[in-house]
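Okay, so here's the structure we're looking at.
Computed over heavy atoms, backbone and side chain alike; hydrogens, waters and symmetry mates excluded.
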Amino acid sequence: MPELAASAVHTYAPYRVISDPAILGLIETRVEGEHGHTVARHRSVRTSVRATIFLHGAAGAWTTFTPLLQAAAADGIQIENPVLLDLPGWGEGALFPGADDLTVDSFGAFVKDTVEGLGFTEWDIVGHSLGGSIAMHMAAAYPDRVLSVGMVSGTTFSVIRSIDHPFANFRELPAFVMLWRILQLLTILGRTGRGIVLGLGATPVARLLFTPLFRHGYRVHRSATDATVLDLHPRSFTGAATATAGYDAHHWWGRITCPVIALKGDRDIFVTGADFEELARVVPTSRRTVLEDCGHFGIIERPHAVLTALGYTGQF
């Protein structure tokens, strides 16, 4: 791994997205469970039954968290048994044929199957965007398994309302509604729609389109925008939105007893200040932090600040 100057700790988006797990000292294991299969990236030696699970968002894959792991290595932070997954519909994650349509609960069951298949029965979960809301559901559904949740720009109440009533709530999250509607149209086109996304990725237009996801889109390493294009699957994105429709976050998340830390960027277009206020009412013990000069991808834009806010400390 390249050496990073100490001053880069405060640099915007200091790391590239990595697609080779070996660079981070990780191996790949194909895991099949009751609900589907995926490939997990993890260390070769399991030190305990407690794992740190990383769950990506609807425009990501396991690679989304590689800048965060690079920041942890630079800070001398030891993350216990990291497990990076591809969720069903992204990367190498898929539900078995005949499995129920995706729901928030089936996402959680898929993750549970996978990490138990690796021998882990206690979990700290760090989720980005969609992964954050799945982490919260798992904390409610498996309270004896989930020990803590870290949500980085977790899509919560405003996204759920936008999916349930896109026209009535358009002003709440216009960027999300527009992206969702565009991807719905591309989903109808099937492989052609996916081809359009990949085709745009080969042009300068992609960087322009995805710039709003970041505070400084043109300062993010090209590998991050390339990964966003590669991991943006119209059918999977719209399937995740359908799975979220009607989800009663107040009912489920009000049951959570483990520590919850929520982060968002001050220029996050998918998570609002009102979301944080609502989270404080539903989970009063949660801790909430706004990352300065940051968009929706804090794990790429401000990875050192994310680690600090999540409570990680290193040797430096």
Side-chain angles (χ1 to χ4, degrees), residues 1-2 15-74 77-97 99 102 106-132 134-135 138 145 150 152 194 198 201 221 223-224 226-233 235-236 240 297 299-300 303 307:
M1 187 183 305
Y15 304 96
R16 63 180 297 147
V17 171
I18 293 173
S19 59
D20 181 358
I23 294 175
L24 297 170
L26 305 176
I27 64 171
E28 295 182 322
T29 300
R30 181 181 172 89
V31 185
E32 295 194 2
E34 179 182 351
H35 297 84
H37 63 78
T38 192
V39 172
R41 284 82 184 178
H42 59 98
R43 294 195 180 120
S44 58
V45 177
R46 175 164 55 88
T47 60
S48 71
V49 297
R50 182 171 181 170
T52 306
I53 306 170
F54 293 92
L55 302 180
H56 63 79
W62 75 272
T63 56
T64 306
F65 285 98
T66 58
L68 192 72
L69 294 189
Q70 292 173 77
I77 291 171
Q78 296 295 321
I79 296 178
E80 185 171 12
N81 295 316
V83 178
L84 289 74
L85 305 178
D86 286 328
L87 292 169
W90 288 269
E92 298 182 72
L95 291 176
F96 287 139
L102 275 178
S106 64
F107 271 122
F110 177 91
V111 175
K112 176 179 181 291
D113 285 352
T114 302
V115 292
E116 286 185 339
L118 292 170
F120 297 110
T121 55
E122 297 178 343
W123 320 316
D124 298 289
I125 309 180
V126 178
H128 172 248
S129 198
L130 168 68
I134 295 171
M138 292 181 66
R145 293 280 194 264
V152 184
R194 173 65 173 155
L198 294 176
H221 195 278
S223 62
D226 286 348
T228 303
V229 172
L230 181 65
D231 299 327
L232 186 61
H233 300 270
R235 183 175 299 278
S236 299
F297 278 81
I299 51 180
I300 293 174
L307 289 168

With a 3.5 Å cut-off and sequence neighbours excluded, list the donor-acceptor pairs that the side chains of residues 53-68 form with protein atoms.
| residue | atom | partner | partner atom | Å |
| --- | --- | --- | --- | --- |
| His56 | ND1 | Gly60 | O | 3.3 |
| His56 | NE2 | Leu87 | N | 2.9 |
| Thr64 | OG1 | Ala61 | N | 3.2 |
| Thr64 | OG1 | Ala61 | O | 3.0 |
| Thr66 | OG1 | Ile18 | N | 3.0 |
| Thr66 | OG1 | Thr63 | O | 2.7 |

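- Looking at Gln70, its side chain does come within 3.5 Å of a backbone N or O of Arg16 through a donor-acceptor pair.
- No side-chain heavy atom of Asp124 sits under 4.5 Å from any side-chain heavy atom of Val126.
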Residues Arg30, Glu28; criterion salt bridge (charged side-chain N to carboxylate O under 4.0 Å, His left out); working and verdict
CA-CA 7 Å; Arg30 181 181 172 89; Glu28 295 182 322; over 6 Å; no
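- To the nearest 0.5 Å, atoms CG (Leu307) and CD1 (Ile79) are separated by 6.0 Å.
- A salt bridge is defined here as a Lys NZ or Arg NE, NH1 or NH2 lying under 4.0 Å from an Asp or Glu carboxylate O, and Glu92 with Arg41 meets this definition.
- Expressed to the nearest 0.5 Å, how far OG of Ser223 lies from CD1 of Ile300 amounts to 7.5 Å.
- In Arg43, the CZ atom is crowded: over 12 heavy atoms of neighbouring residues, nucleotides or ligands sit closer than 6.0 Å.
- Annotation: side chain of Met138 is in contact with side chain of Ile125 (closest heavy-atom distance under 4.5 Å).
- Between Thr47 and Glu80, some side-chain heavy-atom pair lies under the 4.5 Å cut-off.
- The two atoms that bring Asp86 and Phe110 nearest to each other are O-CE2, 3.6 Å, heavy atoms only.
- Within the 4.5 Å cutoff, the side chain of Phe107 has no heavy atoms near those of the Val111 side chain.
- The nearest pair of heavy atoms linking Val31 to Gly117 is CG1-CA, 4.3 Å.
- Between Leu69 and Leu26 there is a side-chain heavy-atom pair separated by less than 4.5 Å.
- Considering only heavy atoms from C-beta on, Thr29 comes within 4.5 Å of Leu118 through its side chain.
- When every heavy atom of Ile27 is checked against every heavy atom of Ser44, the shortest pair comes out as CD1-CA, 3.7 Å.
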Report the C-alpha separation of Ser48 and Asn81 in whole Å, then their side-chain angles, then the decisive distance to 0.1 Å, and conclude whether the side-chain hydrogen bond (donor to acceptor under 3.5 Å, both in side chains) test is met.
CA-CA 8 Å; Ser48 71; Asn81 295 316; 3.2 Å; yes
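- A cation-pi geometry, defined here as NZ or CZ lying under 6.0 Å from the six-membered ring centre and within 45° of its normal, does not hold between Arg50 and Phe120.
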